[in-house]
Every structure is written in C-alpha cells, then in structure tokens.
Amino acid sequence: MNKVNITIDGLEVAADAGSTILAAARRVGIKIPTLCFLKDVNDGGNCRICLVEVKNRPHLVASCVTLVEEGMEIITRNQRVREARKTNLELILSTHEQNCLACARNGNCELQTLAKEMRVDELAYEGERFHHPIDRTSSAIIRDPNKCILCRRCIEMCGTIQ
Ligand code: FES
C-alpha cells in the first residue's frame, strides 16, 4: 500500500494513502474522540466531535472523513480543538433529553461518557426539545426519537448492513 508522510501532534507517521486522519491517528495510538463514526458502518461526518487542526487550513476538519495528504501537519490537542469539540457536544446535548438516571443506557452511553470526558456538566445552550412518541413497532428494538442525536448510525446499519 502506498504511504504518505504526515505528522500528528509532532509525531512522524507513514500513513496509508487513502486513509482518514482518524484511522492514521488510531494506528499510532493517538486518541481522537468520536461520536457518530462507526467503523465500516458510518462515516458521514455528522457530529463534528472528531475535529482536528490541519496546518495551513483555515477551518478545523472532521478527522473521520478527511483523508491524509502528503506533508499534512495535524494537531489533535490544543485549546482551539478542545473548545470546538466541546461546543459541538454542548449543542448536541442542548436538544437531548436530560434524564440520564432514568435511561436504560445510563452508565453505558457514548454520549454520557463523552460529556464526562469533556467536562460538560451544565448545559451551555438551551435547544428546542421535542416530545415524539416512542416507536415500539419493531419486535427487535424500541426507538426513542427524543434521544436521537442524528448520528445516522441506525440509518446506515439498516440501509447498508442489515
Ligand atoms: Fe467524525 Fe462524528 S465522529 S464527524
């Protein structure tokens, strides 16, 4: 496989050409937080939690959908990146039902874990709350659209895998 030379947080990496920044970082043990990404299922770049900085690019990029390029200098940890990720998480949470203790996924929830890791304790924004009926039409799953964060994992899973 062809390689491209990049740096991630100052570490020189020979990444597989055609791979994403996220995949290249994971291969060398650098953790970038993700939420909507699900390997081989969903790479829609919907949540923007995996933002990183690329030198000489004006905007932060979603690492799960941005391909590595020769000479890329990537920064996964600085204040700008951390603040942008945290803001995006706060915006996602702003429309999310805030009743974790009564949720079946309490303690086993990626969203909750991320909120803890990013120290999102209080809601910075108050988004619009919806009160949709719970969908119990499937014999296999119960879907509560009030907890949906629009990651699209379920759509991809049903559409391309199932
Ligand atoms: Fe990359 Fe959601 S994990 S945009």
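Side-chain atoms are counted along with the backbone in the values below, which use heavy atoms only and exclude waters and symmetry mates. One-based numbering, in listed order, for ligands and for the atoms of each.
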| Is Arg85 paired with Glu90 through a side-chain N to carboxylate O contact shorter than 4.0 Å? | no

Checklist entry - With a cut-off of 2.8 Å, does any N, O or S atom of Cys36 fall short of it relative to atom 1 (Fe) of ligand 1? => result no

Counting from 1 in the order shown, the ligand 1 atoms closer than 4.0 Å to a non-hydrogen atom of Arg48 are 2 (Fe), 4 (S)

Taking it one step at a time, do Val52 and Ser63 satisfy side chain to side chain contact (heavy atoms under 4.5 Å, CB included)? CA-CA 6 Å; Val52 297; Ser63 62; 4.0 Å; yes

Within the 4.0 Å heavy-atom cut-off, what Leu35 brings close to ligand 1 is backbone

Under the salt bridge (Lys or Arg N to Asp or Glu O under 4.0 Å) criterion, do Glu117 and Lys31 qualify, and how do the steps go?
CA-CA 12 Å; Glu117 285 176 2; Lys31 186 183 175 203; 3.5 Å; yes

- Item | Metal proximity, Cys50 vs atom 1 (Fe) of ligand 1, N/O/S cut-off 2.8 Å | yes

Under 4.0 Å from one or more heavy atoms of Cys64, ligand 1 contributes atoms 1 (Fe), 3 (S), 4 (S)

Counting from 1 in the order shown, the ligand 1 atoms closer than 4.0 Å to a non-hydrogen atom of Phe37 are 3 (S)

salt_bridge(Arg80, Glu53) N-O dist < 4.0 Å: yes

Within 4.0 Å of some non-hydrogen atom of Thr34, the atoms of ligand 1 are 3 (S)

Quick note on ligand 1: atoms under 4.0 Å from a heavy atom of Asn46 include exactly 4 (S)

Note to self: Could you go through Arg136 and Ile134, starting from their C-alpha distance and side-chain angles, then the distance that decides it, and tell me whether this counts as side chain to side chain contact (heavy atoms under 4.5 Å, CB included)?
What the structure shows: CA-CA 6 Å; Arg136 298 177 194 273; Ile134 294 176; 4.0 Å; yes

query = Can you tell me if an N/O/S atom from Cys47 lies under 2.8 Å from atom 2 (Fe) of ligand 1?
reply = yes

Requested in this report: Indicate whether the side chain of Asn5 and that of Glu12 have a donor and an acceptor atom separated by less than 3.5 Å.
Outcome: no

Gly45 heavy atoms within 4.0 Å reach ligand 1 at atoms 4 (S)

**Check against side chain to side chain contact (heavy atoms under 4.5 Å, CB included), Ile74 and Lys55** = CA-CA 6 Å; Ile74 299 149; Lys55 195 172 176 194; over 6 Å; no

